[in-house]
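First up is the structure itself, then whatever we jot down about it.
Keep in mind the model is a prediction, meaning the values are calculated, not measured. Here is how names work: the chains are called A, B, and so on, in the same order as the sequence lines, proteins then strands, and each is numbered from 1.
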2 protein chains.
Amino acid sequence: MDVKTVCLGMLDDGEASGYDLKKHFESTFAHFFAAGYGSIYPALSSLAEAGLVDCEEIPQEGKPDRKVYRITDAGHQHLLDALKQPAPSHKVRSEFLATMCFAHLMTPEQIETVLESRVKDIDRYMSMFHEFETTGMEEWPGGMRFVCGFGKAMTEAMRKYIEENKHMLTQQTAASRSAAG
Amino acid sequence: MDVKTVCLGMLDDGEASGYDLKKHFESTFAHFFAAGYGSIYPALSSLAEAGLVDCEEIPQEGKPDRKVYRITDAGHQHLLDALKQPAPSHKVRSEFLATMCFAHLMTPEQIETVLESRVKDIDRYMSMFHEFETTGMEEWPGGMRFVCGFGKAMTEAMRKYIEENKHMLTQQTAASRSAAG
DNA sequence: GACTTTATATATCGGAGTGATAGTATGCAT
DNA sequence: ATGCATACTATCACTCCGATATATAAAGTC
């Protein structure tokens, strides 16, 4: 399940341009599968070349031509095949946790700053989830609701853990020890 | 905070070879910062070239020479600077959730298989965390304890969410509807 | 005794993805 | 009038991932 396949899945729901897909990646998919133009445009080109999507160029004045992609029958079949993968991965890449591993080399102020930025990020996600819930999430397919609920549950658990355990980081670091003599 | 910096941080705790670091990445760092030889060896070469680590080649019979890396003063200073980054990221890349977004295109059996493999993965992580706890985690620096507790809390929350919400996925999919007529 | 797996140790390479940058136009605010 | 957001495309250098290659010994298994 790479960017190509996710794009294909999004297009299975209706035609769209690369720009449209990017907005999708930034909203409902943001918390578990980010992708930028650098992956989306090459993905769409490659899908078109493989005949899994059709591309219609819609000329526009002033702006660049809008390229609208539509999934083909072969594309739909390819998607169905891709969904047969029995053990899809779930990976975390956290510079935050990597940094916290070395908390004993940081000052309490540095640690506090990092935690604050993490909590801000968490709050951004929480308001995003809240917005989903208040803008017709009930009509989404079950899978999408499951996925967003998953993100919300994880984000809440993260905030709770940080609040309840940050004392482990700020108490008695190497920096505070040397500062205190 | 890239692989290079994490290697530097590990070496701040004592000299090690690329092979040693890999084992570290596979145990305590596995749940939030995976790295393979394809990232570790180039990282070490680059750190050595920049003078942030020293390399001592220890000849061995039969096996390839063991290259032991040791952090330099410049390297330690570089690490301290890297830890000043105020907003380190925390990213999830989940083919699992991406797949679940398209649950309406899957059979209940396919969905069940995917969930089972995820739960197995969760159990592997849980027994890993359990092993950490029973093998002298109390002596670890606060940061490492925080990070492992974080992983455990997230993993537990994940299992709980899946158990309580998987019904959202298996009920009434497109496949089950058409199978039922 | 032969066979496979596991552990020790290095390293490279193709392909995938990231983040920054670039170009070009409209419209809206300050 | 200058900057900023929105709409739309696209590329490029770099980093990272996963698989693969190479070589040997110990330990388990059939």
- Item | Interatomic distance, Tyr37(B) OH vs dG18(D) P [rounded to whole Å] | 14 Å

- What orientation do His24(A) and Phe29(A) show, parallel under 30°, tilted 30 to 60°, or perpendicular over 60°? perpendicular

- Query: About how many Å separate CG of Leu105(B) and OG1 of Thr99(B), when rounded to the nearest 0.5 Å?
  - Reply: 11.0 Å

- Query: Where along residues 19-27 of chain B does a heavy atom fall under 4.0 Å from DNA chain C?
  - Reply: Tyr19(B), Lys23(B)

- Item | Sequence neighbours excluded - salt bridge (Lys or Arg N to Asp or Glu O under 4.0 Å) pairs with any residue from residues 8-17 of chain A | Glu15(A)-Arg70(A)

- Note on the structure: In short, the helix from dG1(C)-dC30(D) to dT30(C)-dA1(D) is bent end to end, axes from five pairs each side, to 10°, by 30°

- Task: Check the distance between dA7(C)'s P and Arg66(B)'s CZ and give it to me in whole angstrom.
- Result: 16 Å

- Query: What about His90(A) and Tyr125(B), are their ring centers closer than 6.0 Å?
  - Reply: no

- Query: Counting just side-chain N and O atoms, does Ser39(B) come under 4.0 Å of either OP1 or OP2 of dC17(D)?
  - Reply: yes

- Any residue meeting ring-ring contact (aromatic ring centres under 6.0 Å, His included) with Phe129(A), in chain and number order, not counting sequence neighbours: His31(A)

- Item | Rounded distance in Å - CD1 (Ile58(A)) to C1' (dA7(D)) | 14 Å

- Residues of residues 74-97 of chain A with any non-hydrogen atom less than 4.0 angstrom from an atom of DNA chain C: list those, numerically ordered, please. none

- Find out whether the Lys NZ or Arg CZ of Arg93(B) is both under 6.0 angstrom from the six-membered ring centre of Phe32(A) and within 45° of the ring's axis. no

- Item | Whole-Å gap separating C1' (dT12(C)) and CD1 (Ile40(B)) | 15 Å

- Item | Any Tyr41(B) side-chain nitrogen or oxygen under 4.0 Å from OP1 or OP2 of dT10(C) | yes

- Item | ring-ring contact (aromatic ring centres under 6.0 Å, His included) partners for Phe146(B), two or more places apart | Tyr161(A)

